[in-house]
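To start, the structure under review is shown below, and the notes come after it.
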Amino acid sequence: MRAQEVSGKRVLVRVDFNVPVGQNGQVSDDTRIRAALPTINYLLGQKAKVILVSHLGRPKGKIDEKYRMDPVAGRLSELLGQPVTKVDDCVGELAQSAVDRMQSGDVVLLENVRFHPEEEKNNEDFARQLAGLADIFVNDAFGTAHRAHASTEGVAKFLPAVAGFLMENELNMLGKLLAEPERPFVAVMGGAKVSDKIAVIASLFNKVDTLIIGGGMANTFLKAQGFETGISLLEADKVEMAQGLIEEAKKRGVNFLLPVDVVVAVAADPGADRKTVPVEKIPTDWMALDIGPESVARFSEVLQAARTVIWNGPMGVFEMEPFAKGTEAIARVLAETDATTVIGGGDSVAAVKKAGVAQKITHISTGGGASLEFLEGKQLPGVVALLDK
Ligand code: ADP
Ligand code: MG
């Protein structure tokens, strides 16, 4: 971005301001807004006219009052210490006249781009309208870079398009991880479903020394190993594939670790009866909701010896206190090691924050899906469209 002459220019910046907004109409976690500040402040320092555009939630192509950008404009204005003009549309006359009134150093935040169905369809005419508001396009929305939408990919066809600092930093951090990881390189995968993450697991076999699997997805692998999984979350149609992945790991000499014990309960309820059992003793009418202490010990040992760790997906139903211990323990191990640690995934990041150790992690990715697709080795459409990719 620094190579572009932006002074006095109208710069359209695609940001990821998809933040949680509470009942009180206030932004309840401003991490993503803060993450865009380096780019915004740089542009303001260059006396550009900064036009911001983002999506918020899933309004499905219609105006939805609860997904308006006004709370974001309020919080951004506080963080910047200057007014932010919120516009009630992102294209058309409202947007154009707001931009026409801008002075150098002004900030405009356009309305939720997903209020228009053309956004997710990557409609060319809509992309041209967005582009018409500006002289230069900066994409700083790493979290949506894996989507070819009008405001991420389409608009880049009509304007000189470059990466913002957040985007650049994500690509550098994740790129380094794949290109030259210090070894041992360990990946920890968890979360609800294997199906979400099969592709990344398979591609990680080419890269990591050890793959650790926990969380709900571990059940499908345990089943593939012949264990009873009771009423645990299970993807029965993925058991065969899980079996295949285990064999593939063996063939490639990748150390493949599954939980050896789990916390089981009669229901996914903090008040439900629970106990810790070895994986070969999961009762038929109980469900596994967290990894047990012996699993934590084995995983920790491997993680403490690692030089590079990537983590995606919690080890258990961490939203409920009785099933959060495994996830918290792994978060602490990653916080204490001096290895390079990278965490992606909305829930994993939330878990690390909840454990209070986020500042001890080398890199917390702002993009869950985007970081997974990047690690799979896929080209991200929002990145491919940029001049400085
Ligand atoms: P991320 O957002 O970090 O990518 P996912 O969305 O894939 O993670 O998975 C997070 C969800 O997985 C959490 O809501 C958590 O409760 C759930 N989960 C983790 N372990 C289990 C389990 N054993 N059984 C059911 N759900 C689980
Ligand atoms: Mg999630």
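Counting convention: from 1, in listed order, for ligands and their atoms alike. These values consider heavy atoms only, across backbone and side chains, with no hydrogens, waters or symmetry-generated copies.
The shortest separation from a heavy atom of K197 to ligand 1 is under 4.0 Å, placing the residue in contact.
Neighbouring protein atoms of the Mg ion (ligand 2) (N, O or S, distance under 2.8 Å, waters ignored): D347 OD2.
From F221, atom CZ reaches atom CD1 of I201 across 4.5 Å, with rounding to the nearest 0.5 Å.
Taking distance alone, with nitrogen or oxygen atoms compared against 3.5 Å, S348 approaches ligand 1 more closely than that limit. Note: an N/O pair closer than 3.5 Å links A192 and ligand 1 by distance alone. An N or O contact shorter than 3.5 Å is missing between D290 and ligand 1 by distance.
Close contacts between ligand 1 and G345 involve ligand atoms 1 (P), 2 (O), 3 (O), 4 (O) [criterion: under 4.0 Å to a heavy atom].
Remark: side-chain polar atoms of K157 are not paired, donor with acceptor, to backbone N or O of E153 under 3.5 angstrom.
Counting only heavy atoms of the protein, atom 21 (C) of ligand 1 lies nearest to G216 N, 3.2 Å. For atom 26 (N) of ligand 1, the nearest protein heavy atom (residue, atom name, distance) is V317 CG2, 3.6 Å. The nearest protein atom to atom 10 (C) of ligand 1, hydrogens excluded, is given as D347 OD2, 3.5 Å; this is a heavy-atom distance. Scanning the protein for heavy atoms near atom 13 (C) of ligand 1, the closest one is E319 OE2, 3.2 Å.
With no hydrogens or angles considered, no side-chain donor-acceptor pair links R14 and T152 at under 3.5 Å. For the residue pair N219/T229, the side-chain donor-acceptor check at 3.5 Å is not satisfied.
Geometric assessment of K281 against the ring of W286 yields a negative cation-pi assignment under the 6.0 Å and 45° thresholds.
Between K66 and D64 there is a salt bridge, since a side-chain N of the basic residue sits under 4.0 Å from a carboxylate O of the acidic one. Salt bridge absent: D106 and K49 never bring a charged side-chain N and a carboxylate O closer than 4.0 Å. With respect to D338 and R307, a salt bridge is recorded, a charged nitrogen being found less than 4.0 Å from a carboxylate O.
One option in G316, A288, S371 has a heavy atom closer to atom 18 (N) of ligand 1 than any other, and that option is G316.
Using a 4.5 Å cut-off between side-chain heavy atoms of Ile, Leu, Val, Met, Phe, Trp and Tyr, with links allowed through other members, V188 and I213 fall into different hydrophobic clusters. Follow the hydrophobic side-chain contacts under 4.5 Å out from L133 and you never reach V50; the two are in separate clusters.
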